[in-house]
Amino acid sequence: MAEEETELSDQQKKGIAKWFLINAPAGEIQYVAKDLKSVLKDDDVYNEAAAVAFPIYNKSHLIYLKMPGGYGDVLVTPYGELQDNEYLDPKTAQVVIVDHVKQVCKRVRPATDEELPSPYIEEYRYALEAELLKYAAEAYPKGSCAVYCTNGKDVEGPGSDFELVVVISAARNSPHNFCNGSWRAIWNIEFRDDIQVLELKGKCQVGAHYFEEGNVQLDAKRECRDSTMFQGPDDTATAVVHLIRRHENEYMASLEGSYFDLSDNTFKELRRKLPVTRTLFPWHNTMQFNLKREIAEELRIGELHDIKRA
């Protein structure tokens, strides 16, 4: 007798729903959510799962949302998170209240002095952001970027260390063409005052999803490190963005190189060394195979044709 299927508990359903939402491809969580609703048929289970999963997804994918009032875009990142659903936009010194599940900004308020860095730190942050905006506009037409102070925001002058974080997020979503993609880059910049050096740690992540009559996903990551001299705000900004540009261009070039070699190297590595016939396939000369001739010989089409003519 076949075993009876056991009904999943609400807790198990929530866990499965959260997994699917959190692991949705870039730009596709709303589509996954719609399908989950129809499968679960339980609003309470779905709402509890969504309340947990959407904030995790939004922050990990570094989504950017339109701010009300024409202020521009705000990035939803852990570096700008002040408290539940509140995110600082350092470009405009505004705090945005976000509805994570609907992925919209509900309202905006001015940031308080306590939520902003000191004038000394702001000078470095602002100069770096200005230089970064020029680079991002050139390299990522459909994206957003921001610079946050994550350590030492109360430093009033030289003599202390502090840390800034550069966040770049770009997306190219085209669901009607069955493809979506994203670029996420996070650059931690540690200002070491004692040795007058800046240490950079970068992490770039590329995601792509093609789903026309199939399901092909790319999830590539790269981490890198570099350093430069601790200078004035403008010179520091120029040096840092130059390093970011160089490393990101190198990463893009390496990805492109990998795909150029894909057909010649990677796909051939996936095939059998010897097919079931125990005969090597002549990859160097595939023209010797005539599929039409082989089918005709196999089915004896020529003989049948002669019989009909007779």
Side-chain angles (χ1 to χ4, degrees), residues 5-68 73-90 94-109 111 115 143-146 148 150-151 165-173 175 180-186 188 203-209 211 215 217-221 223:
E5 294 185 2
T6 57
E7 178 71 21
L8 294 175
S9 67
D10 286 351
Q11 198 64 29
Q12 289 173 314
K13 291 178 182 177
K14 289 176 199 172
I16 295 171
K18 284 190 290 186
W19 187 91
F20 275 105
L21 289 169
I22 291 170
N23 290 280
E28 296 178 37
I29 189 171
Q30 295 293 354
Y31 299 103
V32 174
K34 182 179 178 181
D35 290 339
L36 277 173
K37 284 181 182 179
S38 63
V39 170
L40 287 171
K41 296 183 175 60
D42 189 324
D43 288 344
D44 291 337
V45 170
Y46 168 78
N47 290 336
E48 289 184 36
V52 175
F54 267 88
I56 296 172
Y57 179 91
N58 292 341
K59 286 183 284 186
S60 66
H61 282 263
L62 307 176
I63 69 166
Y64 46 94
L65 305 172
K66 287 289 182 186
M67 297 168 63
D73 296 329
V74 60
L75 278 165
V76 178
T77 80
Y79 309 104
E81 189 173 23
L82 301 175
Q83 51 185 328
D84 289 345
N85 303 334
E86 289 195 354
Y87 294 85
L88 173 67
D89 177 47
Q94 302 284 329
V95 175
V96 177
I97 292 81
V98 171
D99 184 324
H100 277 288
V101 175
K102 293 181 179 179
Q103 293 183 316
V104 296
C105 299
K106 296 193 293 185
R107 60 184 184 276
V108 178
R109 66 167 176 83
E115 293 167 338
S144 186
C145 62
Y148 303 88
T150 55
N151 188 28
V165 173
V166 166
V167 177
I168 302 172
S169 178
R172 194 71 176 267
N173 296 326
N180 296 305
S182 69
W183 171 280
R184 288 165 273 169
I186 298 172
N188 294 77
K203 179 180 179 181
C204 302
Q205 185 169 357
V206 182
H209 185 207
F211 49 98
N215 182 14
Q217 293 194 51
L218 165 72
D219 186 8
K221 301 175 185 177
E223 296 185 8

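Using a 4.5 Å cut-off on side-chain heavy atoms (C-beta onward), Asn58 and Leu65 make no contact.
Atom NZ of Lys59 is separated from atom CD of Glu81 by 3.5 Å, given to the nearest 0.5 angstrom. Atom OG1 in Thr77 sits 8.0 Å away from atom OH in Tyr87 (nearest 0.5 Å). In this structure, CD on Gln103 lies 4.5 Å from CD1 on Ile63, to the nearest 0.5 angstrom. Expressed to the nearest 0.5 Å, how far CD1 of Ile22 lies from CD1 of Ile56 amounts to 4.0 Å. Going from atom CD1 of Ile16 over to atom CG of Leu21 covers 12.0 Å, rounded to the nearest 0.5 Å.
The minimum heavy-atom distance linking Tyr64 with Ser169 is given by the pair CE2-O, 3.5 Å. Across Ala17 and Leu36, no two heavy atoms sit closer than the pair O-CD1, 3.7 Å. Residues Leu88 and Tyr148 approach most closely at O-CE2, 3.7 Å, considering heavy atoms. Residues Tyr79 and Ile186 approach most closely at OH-CG2, 3.5 Å, considering heavy atoms. Across all non-hydrogen atoms, the minimal contact from Leu62 to Leu75 is O-CD2, 3.5 Å. Listed here is the closest heavy atom pair of Val96 and Cys105: CG1-SG, 3.3 Å.
Residues in residues 46-56 take part in these side chain to side chain donor-acceptor pair (under 3.5 Å) pairs, two or more places apart or across chains: Lys14-Glu48. Residue pairs meeting the ring pair (Phe, Tyr, Trp, His ring centres under 6.0 Å) criterion with at least one partner in residues 12-31, sequence neighbours excluded, are absent. Applying the salt bridge (charged side-chain N to carboxylate O under 4.0 Å, His left out) test to residues at least two apart or on different chains, none of the pairs has a partner in residues 31-41.
Test Val101, Val98, Asp99 against Phe54 for side-chain contact (heavy atoms from CB on, under 4.5 Å) and you get one pass: Val101.
Qualifying side-chain contact (heavy atoms from CB on, under 4.5 Å) partners for Ser9, counting only residues two or more places apart in sequence or in other chains: Gln11, Gln12. Residues that satisfy the side-chain contact (heavy atoms from CB on, under 4.5 Å) test with Ser182, not counting sequence neighbours, are Ala26, Arg184. Checked against side-chain contact (heavy atoms from CB on, under 4.5 Å), Asn85 has the following partners two or more places apart in sequence or in another chain: His100. Scanning for side-chain hydrogen bond (donor to acceptor under 3.5 Å, both in side chains) contacts around Gln205 gives Asp219, with sequence neighbours left out. For the side-chain contact (heavy atoms from CB on, under 4.5 Å) test, no residue two or more places apart in sequence or in another chain qualifies with Asp84. With sequence neighbours excluded, the residues that form a side-chain hydrogen bond (donor to acceptor under 3.5 Å, both in side chains) with Glu28 are Asn180, His209. Judged as a salt bridge (charged side-chain N to carboxylate O under 4.0 Å, His left out), and not counting sequence neighbours, the contacts of Lys13 are Glu7. In this structure, Lys221 has no salt bridge (charged side-chain N to carboxylate O under 4.0 Å, His left out) partners at least two apart in sequence or on a different chain. With sequence neighbours excluded, the residues that form a salt bridge (charged side-chain N to carboxylate O under 4.0 Å, His left out) with Glu86 are Arg109.
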